[in-house]
Amino acid sequence: MVLCSKFLRASSRPRISKLRHKFLDQVRIFVRGGGGGQGLPKYGGTGGQGGDVYIKAAAGVTLNRVKASREQQRYVGGTGSNSKPRILQGSKGKDVYVTVPVGVCVTDDKNNLLGDLNQVGDEILVASGGDGGNKSNRWCGTKGQRSNIKLVLKLIADVGFVGFPNAGKSTLLKGISRTQPKIADYPFTTIRPQVGIVEFDDKRQISVADLPGLIEGSHVNSGMGHKFLRHIERTKLLLFVVDIHGFCLSPKHAFRSAYETVVLLNMELELYKPELMQKPAILALNKMDMEEADDKMQNFMDCFHKHPHHCLDESITASPHMQEELRLALKQPISFEDIIPISAKELRGLNHLQQRIRDVIDSH
């Protein structure tokens, strides 16, 4: 019986550990300013102002810490002190600072943007403390502001990888940076963003982000949908990573050629946020080490030059709803700065790709 209980306790630990290390990119918290202190009408004393609640960007923190640092994610400012015969002016309540990672945007419950925190030290007042008791409020301190807010993390990286699952994005990240992402031959290996650093001989550094793969319908939040798309909004450059041999998510899904993949990725980004079409972009055609890759590359370039506006002909198999969206989308197709064939697995073409990434970022 003792051995059995020990085994059960041991077997449960990994599951708890996984929960603790689960990546969070959105947290909902309750904030309330502190109440004002009571005034002293006999002597005209004024109560202290209630403490305010701020959201502040800091280095080395995560949203996991925000969620775990207060019971039920409640952050309340300190209460202002009461006026006293010997201290007529009550002191202000303690301000509360909720530290969050750089790249968080703060919204209210109705998704109204309260502010962006893009640099260490940026802060936003989200709940003001109540007024101290004074003549205008009959010497009774007032309550502080209160609300529920959302902290949404949008990664800040120079380059964001864009591609369907299993296109080789994780392998590419490993090949051009100093990270060791998980790599496997099945879709959705990357379940949370991975950020790496590309370092050049002159010590110049460029940050690159490998994000969970898109699927068709991501713009309406299918699959990981908006969890992916919101992370590319702040990147300086989009790097499309496409399997030159095409892509098929599962036997239930239609096969997409490399050209169709580019068009569909373009569509997903445009339907989510048309402003993304204005970002500079590079197309990396991956897996050029495999058989028939050169023929596939030639077919791709023929289609690309034949349809410079990224149009899809009637050969694509899509639902009527998808066909309608395709007609509405692609009003501003992405114009690629360069199309580069690579093999992330064999490190072919990566030096050229790294240099072009730097050139494009520096020129914009």
Side-chain angles (χ1 to χ4, degrees), residues 20 22-156 226 230 233-234:
R20 286 176 180 170
K22 182 181 179 182
F23 176 80
L24 290 177
D25 58 5
Q26 181 172 313
V27 172
R28 185 173 181 268
I29 64 174
F30 171 80
V31 294
R32 188 182 74 204
Q38 300 302 307
L40 193 62
K42 182 177 180 180
Y43 299 102
T46 303
Q49 180 86 11
D52 302 321
V53 181
Y54 295 85
I55 308 296
K56 185 173 183 176
V61 299
T62 65
L63 290 184
N64 299 63
R65 183 181 299 181
V66 174
K67 187 171 183 179
S69 57
R70 288 289 190 279
E71 185 178 357
Q72 297 179 348
Q73 293 84 60
R74 296 172 60 87
Y75 294 83
V76 181
T79 302
S81 63
N82 299 330
S83 175
K84 300 176 182 179
R86 293 186 178 182
I87 307 176
L88 293 180
Q89 176 60 60
S91 59
K92 187 178 186 298
K94 183 179 180 181
D95 292 338
V96 171
Y97 287 84
V98 184
T99 56
V100 299
V102 173
V104 160
C105 68
V106 184
T107 67
D108 61 20
D109 260 358
K110 296 181 180 179
N111 289 323
N112 296 314
L113 181 64
L114 304 180
D116 287 310
L117 303 174
N118 295 327
Q119 297 181 359
V120 172
D122 287 353
E123 61 182 52
I124 301 171
L125 173 64
V126 291
S128 298
D131 293 331
N134 55 60
K135 186 177 181 179
S136 65
N137 58 24
R138 297 184 180 180
W139 311 103
C140 294
T142 60
K143 296 180 179 180
Q145 293 178 339
R146 55 192 296 161
S147 65
N148 292 297
I149 63 172
K150 286 190 291 186
L151 308 174
V152 181
L153 176 63
K154 297 180 180 179
L155 292 183
I156 296 179
H226 295 173
R230 67 165 168 255
E233 292 183 34
R234 295 179 177 178

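Because only heavy atoms are used, hydrogens play no part in the values below, and waters and symmetry mates are left out as well, while side chains stay in. Note that the structure is a prediction, hence the values are computed from the model and not measured.
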Under the side chain to side chain donor-acceptor pair (under 3.5 Å) rule, collect the residues that match up with [X], sequence neighbours excluded.
{"X": "S91", "value": "S81"}
{"X": "K150", "value": "N111"}
{"X": "D108", "value": "N112"}

For a 4.5 angstrom cut-off between non-hydrogen side-chain atoms, does [X] reach [Y]?
{"X": "L117", "Y": "I124", "value": "yes"}
{"X": "V104", "Y": "L63", "value": "yes"}
{"X": "C105", "Y": "L113", "value": "yes"}
{"X": "K92", "Y": "D52", "value": "yes"}
{"X": "F30", "Y": "Q73", "value": "no"}
{"X": "I29", "Y": "Y75", "value": "yes"}
{"X": "I149", "Y": "T107", "value": "no"}

Please name all residues satisfying salt bridge (charged side-chain N to carboxylate O under 4.0 Å, His left out) with R234, sequence neighbours left out, ordered by chain then number.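 For R234, the residues satisfying salt bridge (charged side-chain N to carboxylate O under 4.0 Å, His left out) (neighbours in sequence not counted) are D116.
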Indicate yes or no for a side-chain donor-acceptor contact from N137 to the backbone of K135 under 3.5 Å, with no hydrogens or angles considered.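 Pair absent, no side-chain N/O of N137 close to backbone of K135.
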Would you give me the side-chain donor-acceptor pairs under 3.5 Å for residues 139-148, sequence neighbours excluded?
residue: T142; atom: OG1; partner: D131; partner atom: N; Å: 2.8
residue: T142; atom: OG1; partner: D131; partner atom: O; Å: 3.4
residue: Q145; atom: OE1; partner: S128; partner atom: N; Å: 3.0

Contacts table for residues 35-50: side-chain donor-acceptor under 3.5 angstrom, sequence neighbours left out:
residue: Q49; atom: NE2; partner: G129; partner atom: O; Å: 2.9
residue: Q49; atom: NE2; partner: G130; partner atom: O; Å: 3.4

